[in-house]
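See structure below.
To find a chain, count down the sequence lines: A is the first, B the second, and so on, and within it residues start at 1. All values derive from a computational prediction rather than experimental measurement.
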Amino acid sequence: MKWFYIISLLVVTVMVTAPLWLLPEEARIGSVVVGYDENHEPIHKTDDLMVGYDSYSSAIRSFDATTCGDVASSSFQGNIYEGLYTYQYLIRPPKVIPQLATDLPEVSEDKKTYTIRLKKGVKYHRNPCFGSYPNGTHKTRPVRASDFVLAFKRCADFHNSNASLSWPLIAGKIVGLDAFRKKTQQASSGDFARYDAPVSGVTALDEHTLQITLNKPFPQIMYVLAMHLYAPCPAEAIDYWLVHRDSGEGEPREVIAPEQRLSEFTQQPMVIGTGPYVLREWVRKRRIVLARNPDFRYDTYPTEGMPDDVAAGLLKDAGKQVPFIDAYQWDFVAETFANWMRFLSCQTGANGIPREQYDSVVQPGKKLAAQWKAKGIFLVTYTSPTIFQLGMNMQDKVMGQSKSLRQALNLCFDVQTRIDLLYNGRGQVGRNVIPSTFPSFQAAGPGPYFKYDLAEAKRLIELAKKELGAKGLLDAKGNIPEITLDYGFSGEPARREAEYAQQQFAKIGVRIKPIYNDWPTMQEKMKNGTTQLFSSGWHADYMDAENFLQLYYSPNIASGTNNTGYTNPAFDTLYEEARVMSPSPERMKKYVQMLDMLCEDVPVIIMSEPMSYVLYAGWNQNVKKHPVGYGYLKYRRIDIGERVKRGGPK
Amino acid sequence: MGRFLVRRLLQSVFTVFGVMLVCFLLFRVMSGDISAAYTGQHSSYVDREVFMRKHKLDLPLVYNYARRLEVVDHTTGKGVLQATDASPKKTRVTAALGLMLQQADMAEDHLPTLQGRLVNRARPNSPANDILEGQLRLPNADAPLAIQITPADGQPITAIVVETDTCQALIDAINTAPGNDGRIEAKLSSWSMGQLCNSQFFWHLWRCVTFSGESFKTHERLTEIIAKRARYSLSITVPAMALGWLISMVISMLVAYFRGSWVDHSGVLLSVLGMCIPFLAYMIMGQWLMFQVLPTYAWGLGHKVNVYVPVLIAVIAGLGGQVRFYRTIFLNEFHQDYVRTARAKGVPLPAVMFKHVLKNSMLPILTNLVLTIPFLIMGSLLLEQFFGVPGLGDLMLDSITSRDVPIINALVFLTAIIYVIGLLLTDVLYALFDPRIRLK
């Protein structure tokens with residue numbers, strides 16, 4: 001019996017100490033590589049490292065530029081991959097500037113051919129796919145025009161573009177690319193010979209000249225090329241990472257069986273960009289570490305900005321070489337509380353404001369409360385070019401038949417109170433189907449029905465009853481039949497939204513039945529047109545009204561972009577004319593005409609433009625939010641002394 | 001003993017099978033198209049079909065009597081075989097037939113083939129509508145329906161499929177279309193007994209048993225994911241269980257030893273108090289406290305020892321209930337005759353406790369302990385979320401919200417197996433510790 005107790009105690013001890021030998025040691029950022037000497041030995045920098053720490057709380061779907069399609073992925077990818085163009089950091093409204101191109105493209109007379117010259121000497125991140133030196137240091141190579149061709153092919157590849165943004169933005173736009181996509185559909189996903197087929201619309205004229213030929217003029221392509229989605233992709237990476245795999249220490253790499261091959265880069269070692277940072281570590285839903293790219297070309301901080309930027313200290317570093325920060329680590333923190341506490345204890349540099357803390361942090365007038373200012377924290381507010389709305393299914397017999405009903409539903413909805421009540425005032429009332437930051441908004445002005453006017457709503461609802469009554473669409477008691485309102489999410493946020501909407505519509509006697517779906521069900525319903533009202537939103541891909549107007553173009557019903565099923569031949573004609581026009585007053589006139597049509601027909605109830613509040617600790621410098629661009633970590637700077645003084649990490 | 005084990009193992013197989021059946025049914029009952037969620041908002045019908053085929057979700061549910069319409073290309077041209085709608089109104093007839101995807105895993109000696117969707121019990125004389133999907137109806141469609149098939153030699157063949165009321169008539173319409181002359185051949189695919197089990201359910205079982213599935217979302221193999229995550233779950237739950245067990249044993253023995261005194265009373269009072277406080281409160285308070293004292297140890301695994309924060313919280317939160325439970329067991333034993341006899345013989349109290357009481361109390365204690373084993377693997381979901389430990393509980397929650405069915409299946413299967421084994425182990429241990437129990 002004595003032994004039983006002794007053994008028990010031993011077992012308990014072993015079990016209690018289990019984590020110490022079960023868990024792997026977590027590496028800390030102790031050094032970064034800043035260059036290579038003549039023997040290709042890396043030169044490490046260990047002292048005075050400028051390392052940033054932050055949390056992130058939405059999972060990163062991909063680190064492959066081709067399959068990127070969400071904000072969270074883009075915000076990391078933008079620092080690793082670079083496109084031909086980008087947006088200038090400080091100037092608003094956003095201005096497109098060259099990034100890997102030397103200059104803006106030469107556009108032909110017919111506005112269909114874009115000739116783009118590339119910067120020379122831009123090198124990829126070092127990667128084993130380019131080979132290695134005897135001492136184990138990986139090689140790199142300069143970017144060639146053919147790498148961009150491959151990137152476009154990968155975006156058009158049927159097997160790649162499932163959930164991404166890169167294909168829909170150029171679908172039908174570039175000569176031969178759609179035919180190429182058809183062909184890739186026939187090939188199996190592991191057969192990379194499909195990338196050998198030429199595409200006449202994207203060609204490398206020589207090593208440093210790329211030519212893109214469009215089916216018809218598409219001036220918005222400049223915004224498309226300013227995204228990192230079309231970053232160059234070296235062919236070596238496909239052969240090394242997707243066709244072959246490691247087969248153990250010292251063994252030659254083995255060929256992966258074609259049916260097992262993935263066509264997407266899914267692991268950290270496969271990520272090869274040209275940007276200022278390399279992806280040093282990526283563990284899904286754990287940690288992301290970016291480190292300085294030692295082979296990054298000479299690049300400088302912008303010298304031009306908006307008038308306010310000088311006062312805000314954003315031009316102090318003008319003309320200096322970037323990047324400043326050596327490495328940046330993000331930990332995945334799902335809990336708001338832990339996130340907030342990490343920020344307060346100075347372990348991380350930036351954070352959103354938790355709902356329950358909002359009132360103590362932000363005072364009326366959207367100013368930061370004094371106690372937080374004393375801690376050196378500053379507040380950055382920005383509106384995203386996004387519109388949240390309740391779409392109406394125009395194909396539905398009730399919603400589609402009565403314009404007055406749709407107008408009344410818009411007028412009776414008190415959006416301001418919704419923002420105040422449900423979102424702590426974080427947002428502004430949407431006044432048109434496009435965000436207020438768009439130049440076309442200035443020209444078109446707010447829509448007549450996108451405001452709160454209960455008296456007018458009541459008048460219109462009577463009119464709607466007459467209209468619907470004439471068509472026999474009212475229920476037995478002569479009321480408007482109950483309208484369903486679909487949400488693509490559920491839980492507390494959806495319930496609060498739905499209850500508020502019910503109250504609003506009840507003011508004019510319209511009954512609403514909320515339905516909470518998961519996202520796949522919601523998508524299916526929208527596809528089949530079995531909704532009446534549905535909650536939706538659109539985040540601008542680029543700051544041009546065309547990006548929002550396409551949502552109402554009737555041929556887009558089939559592709560699923562036009563969810564409301566709005567059809568208007570006059571609108572379609574105008575859209576087809578305007579979308580091939582370069583920016584000009586004539587085009588603006590057409591935009592305004594189209595916006596006026598939408599404001600009259602109101603296929604949506606416009607809710608709000610969301611406003612984001614982010615708190616930054618005082619040691620963050622050169623912080624300015626860009627509405628659509630990504631990849632500005634290279635301009636940021638951290639005052640380590642200030643952080644240590646506040647009790648943060650060295 | 002041997003017979004008992006065999007019988008119990010057999011029962012376990014049925015239990016696990018039942019669990020897997022329920023798991024299978026639950027995810028088939030849920031509405032919504034899984035493929036749409038994974039192929040994205042802009043995905044086409046073909047994208048989704050590729051996804052469904054890749055994960056064998058296009059197969060019949062339980063048994064496979066299904067056949068499909070196939071169009072074989074006998075020309076040896078260099079183009080690609082494809083079918084498009086030639087109806088004036090673009091009625092999506094090719095989509096309705098499923099004729100949009102060339103057989104992806106084509107063996108070398110096979111001719112290029114377009115495959116339609118699988119249809120249960122499709123026969124030549126069954127109605128043509130059976131092999132269609134969607135609102136399209138043959139032959140009563142209000143517009144002429146035509147399908148254009150372009151074989152590899154590039155000369156398209158247009159077949160009018162409006163007057164076809166049976167599958168055979170549909171096939172004949174394609175085979176006898178003008179300009180065909182045997183260049184393409186439509187037929188129903190062949191079927192053999194061997195395919196009977198080629199169904200979603202059998203694949204579901206097979207993939208669970210072999211852990212051979214892969215995540216819908218990340219394409220990682222299940223074995224890799226589980227191996228990677230299990231150690232994190234274990235490093236919270238194993239120490240928590242061991243430490244909790246040891247501490248609560250010691251305290252409850254003390255309390256039982258001083259039965260009726262202030263030690264006992266205050267011990268019981270504290271236990272009840274501890275049980276009243278919700279688990280979540282312990283976590284929030286614990287974390288908040290850590291952030292005040294040692295911020296870098298409060299979240300995540302930056303230091304290995306960080307893991308003892310959630311461990312301690314789990315121990316403290318569970319202490320009240322366990323102390324009360326063990327105290328009752330010990331007191332129960334104290335009232336037994338053998339204790340009185342031993343005391344009467346003059347055996348000192350500590351010896352009575354350690355030699356007799358503790359040994360005889362082992363039975364319920366072991367039961368209690370073994371029953372917690374399944375939770376070791378699934379981990380403490382909330383703790384993992386709160387303290388940033390990437391364990392299996394975290395994975396489970398994540399997979400349920402994103403409908404990553406293969407992962408959920410595997411985790412459910414794993415839990416079921418461990419539970420069943422745990423229960424079996426309890427029974428065997430009973431026999432070992434209590435000579436009165438014989439396993440038959």
*B/F51 and B/F216: aromatic ring centres closer than 6.0 Å?*
yes

_chain B interface, residue from A/S345, A/C346, A/S8 that has the most non-hydrogen pairs under 4.5 Å_ = A/S345

*Name the region of B/Y308, side chain, backbone, both or neither, that has any atom closer than 4.5 Å to a heavy atom of chain A.*
side chain

*Will you find, in the side chains of A/S55 and A/D331, an N or O donor that is under 3.5 Å from an N or O acceptor?*
no

_Main-chain N/O of A/I256 paired to A/R261 side chain as donor or acceptor, under 3.5 Å_ = yes

*asked:* Quiz question: by atom type and distance under 3.5 Å, do the side chains of B/D394 and B/Q385 form a donor-acceptor pair?
replied: yes

*Tell me, side chain or backbone of B/L243 under 4.5 Å from chain A's heavy atoms, or both, or neither?*
both

*So what's closer than 4.5 Å to chain B heavy atoms on A/K182: side chain, backbone, both or neither?*
side chain

*Heavy-atom distances under 4.5 Å only: say whether B/V238 touches chain A with side chain, backbone, both or neither.*
both

*Do we see a donor-acceptor contact under 3.5 Å between the side chains of B/D404 and B/S215?*
yes

_Options B/G300, B/G302, B/A298, B/A242, ranked by heavy-atom pairs under 4.5 Å with chain A, top entry_ = B/A242

_If we define contacts as heavy-atom pairs under 4.5 Å, which of A/L9, A/V11, A/L20, A/T13 has the most with chain B?_
A/L20

*Pick one of side chain, backbone, both or neither for A/L344, based on which atoms fall under 4.5 Å of a heavy atom in chain B.*
neither

*Contact part of B/W245 toward chain A, heavy-atom cut-off under 4.5 Å: side chain, backbone, both or neither?*
side chain

*Taking every heavy-atom pair that is under 4.5 Å apart, which of B/Y232, B/W288, B/W299 has the most such pairs with chain A?*
B/W299

*Is the distance between the ring centroids of A/W282 and A/F63 less than 6.0 Å?*
yes

*Examine whether an atom of B/I284 lies under 4.5 Å from a heavy atom of chain A, and if so say whether it belongs to the side chain, the backbone or both; otherwise answer neither.*
both

*Among B/P390, B/G388, B/A240, single out the residue with the greatest number of heavy-atom pairs under 4.5 Å to chain A.*
B/P390

_Partner chain B: residue of A/A334, A/A59, A/P24 with the largest heavy-atom pair count (under 4.5 Å)_ = A/P24

*Between A/R342 and chain B, which part of the residue has a heavy atom less than 4.5 Å away: side chain, backbone, both or neither?*
both

*A/Q550 and A/T561 side chains, donor-acceptor separation under 3.5 Å*: no

*Return yes if a side-chain donor-acceptor contact under 3.5 Å exists between A/N547 and A/W538, otherwise no.*
yes

*Establish, from distance only, whether the side-chain atoms of A/S62 and A/S73 form a donor-acceptor pair under 3.5 Å.*
no

